**Student:** 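Shown below is the structure under consideration.
Values in this document were obtained by computation on a predicted structure and should not be read as measured data. Side-chain atoms are counted along with the backbone in the values below, which use heavy atoms only and exclude waters and symmetry mates.
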Amino acid sequence: MKILNTQRLIALLFILCFSAITTLQAQTYTLQRSASQMQVFGTSNLHDWELTVEDMQGIIEIKQEANLLKSITKLHLSILAESLKSGKNGMDKNTFKALNTNDYKNIIYNLKSVGNIEVKSGEEYTLETRGDLMLAGVTQPISIVFNAKVLQDKMTLTGEQEINMTDYKIEPPKALFGTITTGATVLVKFSTTFTN
């Protein structure tokens, strides 16, 4: 009788462990460029300016349990540096020079960890994250708060982040022989869509 109870207990534990493993579902999503937007806003002593990202790629891997987001195991974004466009040829050239695009073709972000995950609804979340951002060959840690929405076949990440260019040893671009100087801090706003 004791042996039978022990066997039942082992079987029950096995079922519970197996159920716990199978309920944690992993999903992988790929960035959809046509449905994603990213802009950089800056200032100068003459007027404000903005750049639009025209070419970026990315992937995100998440884990869900009972259709609730539990963690992000990977987030990688790669932006073609020379796809940052202002609509003004002279400004674009100054931007590419500041970013040293001859040597560093891409701006790269990699997620390192996720802190607090706040559930706003069954589909919407606020995520506190830490990652590494590489600009012009210099990598620095960065904290970003993402607003996420997770659907069965799609995930969106939105938010905004200030970046100080001097942290990455980037000299803020100048124009007209230095008479126009830009501020060191820029604001990046993004709305990215990933599908599986």
Side-chain angles (χ1 to χ4, degrees), residues 31 33 36-60 71-118 125-149 155-194:
L31 180 75
R33 178 63 198 100
S36 301
Q37 295 181 339
M38 186 176 293
Q39 292 174 296
V40 181
F41 297 88
T43 60
S44 75
N45 61 335
L46 185 62
H47 54 72
D48 292 348
W49 52 270
E50 67 181 76
L51 301 166
T52 299
V53 174
E54 296 184 351
D55 189 350
M56 59 180 168
Q57 299 176 349
I59 190 169
I60 187 169
S71 68
I72 298 178
T73 54
K74 179 179 183 179
L75 173 57
H76 173 82
L77 286 174
S78 180
I79 296 165
L80 184 64
E82 290 192 357
S83 78
L84 286 161
K85 298 295 178 65
S86 66
K88 299 175 182 177
N89 189 50
M91 183 175 177
D92 291 348
K93 287 182 178 179
N94 287 332
T95 300
F96 303 157
K97 181 179 178 181
L99 293 175
N100 193 9
T101 57
N102 286 334
D103 293 330
Y104 305 102
K105 302 297 184 185
N106 296 298
I107 298 166
I108 296 173
Y109 171 82
N110 281 303
L111 178 75
K112 291 299 179 183
S113 64
V114 178
N116 184 51
I117 299 179
E118 179 186 346
Y125 306 82
T126 300
L127 312 170
E128 296 176 1
T129 69
R130 296 276 293 172
D132 284 340
L133 177 65
M134 187 188 77
L135 280 171
V138 176
T139 301
Q140 294 284 7
I142 188 169
S143 298
I144 302 177
V145 175
F146 291 108
N147 297 308
K149 185 172 184 179
M155 180 173 182
T156 61
L157 291 176
T158 60
E160 58 183 52
Q161 180 68 35
E162 283 192 346
I163 296 173
N164 190 315
M165 290 186 280
T166 60
D167 291 342
Y168 297 85
K169 297 180 172 53
I170 297 171
E171 183 179 347
K174 297 178 182 180
L176 294 178
F177 306 103
T179 59
I180 299 176
T181 57
T182 60
T185 301
V186 297
L187 178 65
V188 180
K189 294 186 178 182
F190 55 90
S191 176
T192 49
T193 298
F194 300 79

**Student:** Of all residues at least two apart in sequence or in a different chain, which pass the side chain to side chain contact (heavy atoms under 4.5 Å, CB included) check with Ile117?
**Tutor:** Val114, Tyr125, Leu127
**Student:** For the atom pair OG1 (Thr126) and CG (Asn147), what is the distance rounded to the nearest 0.5 Å?
**Tutor:** 4.5 Å
**Student:** Do Ser86 and Thr95 come close enough that some side-chain heavy atom pair is under 4.5 Å?
**Tutor:** no
**Student:** Could you report the tightest heavy-atom contact between Arg130 and Leu111, atom names first, then the distance?
**Tutor:** O-CD1, 3.5 Å
**Student:** With sequence neighbours left out, what residues match Thr139 under side chain to side chain contact (heavy atoms under 4.5 Å, CB included)?
**Tutor:** Asp132, Met134
**Student:** Please enumerate all residues that pass side chain to side chain donor-acceptor pair (under 3.5 Å) together with Glu50, with sequence neighbours excluded.
**Tutor:**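 Partners of Glu50 by the side chain to side chain donor-acceptor pair (under 3.5 Å) criterion, ordered by chain and then number, come out as Gln39.
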**Student:** Enter the distance from Gln57:CD to Ile79:CD1 here, rounded to the nearest 0.5 Å.
**Tutor:**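 Those atoms lie 11.0 Å apart.
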**Student:** Indicate the atoms forming the closest heavy-atom contact of Thr43 with Trp49, along with that distance.
**Tutor:** O-NE1, 3.0 Å
**Student:** So which atom in Ile144 and which in Thr129 form the shortest heavy-atom distance, rounded to 0.1 Å?
**Tutor:** O-OG1, 2.7 Å
**Student:** Distance from Leu99 atom CG to Asn94 atom CG, nearest 0.5 Å?
**Tutor:** 11.0 Å
**Student:** How long is the straight-line distance from CD of Glu171 back to CE of Met165, given to the nearest 0.5 Å?
**Tutor:**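 Answer rounded to 0.5 Å: 10.0 Å.
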**Student:** Return the minimal non-hydrogen interatomic distance between Asp55 and Arg33, and the atom names on each side.
**Tutor:**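 Heavy-atom minimum between the residues: N-NE, 3.8 Å.
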**Student:** With rounding to the nearest 0.5 angstrom, report the CE to CG distance, Met56 to Leu84.
**Tutor:** 10.0 Å
**Student:** Closer than 3.5 angstrom, by distance alone: can the side chain of Glu54 be matched with the main-chain N or O of Lys85 as a donor-acceptor pair?
**Tutor:**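 It does not hold such a pair.
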**Student:** Looking at residues at least two apart in the chain, or sitting in another chain, which of them share a side chain to side chain donor-acceptor pair (under 3.5 Å) with Asp103?
**Tutor:**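 Asp103: side chain to side chain donor-acceptor pair (under 3.5 Å) contacts with Asn100.
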**Student:** Give a yes or no answer on whether the side chain of Thr192 reaches the backbone of Ser36 with a donor-acceptor pair at less than 3.5 Å.
**Tutor:**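 Judged by distance alone, no pair lies under 3.5 Å.
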**Student:** Work out which heavy atom in Leu75 is nearest to a heavy atom in Phe194; give both atom names and the distance.
**Tutor:**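 Minimum heavy-atom separation between Leu75 and Phe194: CD1-CZ, 4.1 Å.
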**Student:** Go through the structure and list residues passing side chain to side chain contact (heavy atoms under 4.5 Å, CB included) with Ser191, not counting sequence neighbours.
**Tutor:** Thr158
**Student:** Between Val138 and Ile170, is there a side-chain heavy-atom distance shorter than 4.5 Å?
**Tutor:**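 Not in contact.
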**Student:** Please check if atom NZ in Lys93 has more than 12 non-hydrogen atoms from other residues, nucleotides or ligands closer than 6.0 Å.
**Tutor:**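 For Lys93, atom NZ is not crowded (no more than 12 foreign heavy atoms under 6.0 Å).
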**Student:** Quick one: does any side-chain atom of Thr182 pair with a main-chain N or O of Ser44 as donor and acceptor, under 3.5 Å?
**Tutor:**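 Side chain of Thr182 to backbone of Ser44: no pair is present.
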**Student:** Holding to side chain to side chain donor-acceptor pair (under 3.5 Å), I want the full list of residues that pass it with Gln37, two or more places apart in sequence or in another chain.
**Tutor:** none
**Student:** Using side chain to side chain contact (heavy atoms under 4.5 Å, CB included), reason through Val186 and Leu51 one step at a time and then give a plain yes or no.
**Tutor:** CA-CA 10 Å; Val186 297; Leu51 301 166; over 6 Å; no
**Student:** Tell me which pairs pass side-chain hydrogen bond (donor to acceptor under 3.5 Å, both in side chains) where either residue lies in residues 72-84, with sequence neighbours left out.
**Tutor:** His76-Asn110, Glu82-Thr101
**Student:** Could you pull out all residues at least two apart from Ser113 that satisfy side chain to side chain donor-acceptor pair (under 3.5 Å)?
**Tutor:** none
**Student:** What is the minimum heavy-atom distance between Tyr104 and Ala81, and which atoms define it?
**Tutor:** O-CB, 4.1 Å
**Student:** Under the 3.5 angstrom rule, does the side chain of Asn164 hit a backbone N or O of Thr185 as a donor-acceptor pair?
**Tutor:** no
**Student:** Could you pull out all residues at least two apart from Lys189 that satisfy side chain to side chain contact (heavy atoms under 4.5 Å, CB included)?
**Tutor:**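 If we apply the side chain to side chain contact (heavy atoms under 4.5 Å, CB included) test to Lys189, skipping adjacent residues, the hits are Phe41, Glu160, Leu187.
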**Student:** In Å and rounded to the nearest 0.5 Å, what is the CG to CD1 distance from Leu157 to Ile72?
**Tutor:**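 One finds 6.0 Å between CG of Leu157 and CD1 of Ile72.
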**Student:** Dump the intermediate steps for side chain to side chain contact (heavy atoms under 4.5 Å, CB included) on Leu133 and Ile107, then the final yes or no.
**Tutor:** CA-CA 8 Å; Leu133 177 65; Ile107 298 166; 4.0 Å; yes
**Student:** Can you list the residues that meet the ring-ring contact (aromatic ring centres under 6.0 Å, His included) rule with Phe146, with sequence neighbours excluded?
**Tutor:**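 Phe146 satisfies ring-ring contact (aromatic ring centres under 6.0 Å, His included) with Phe190 once adjacent residues are dropped.
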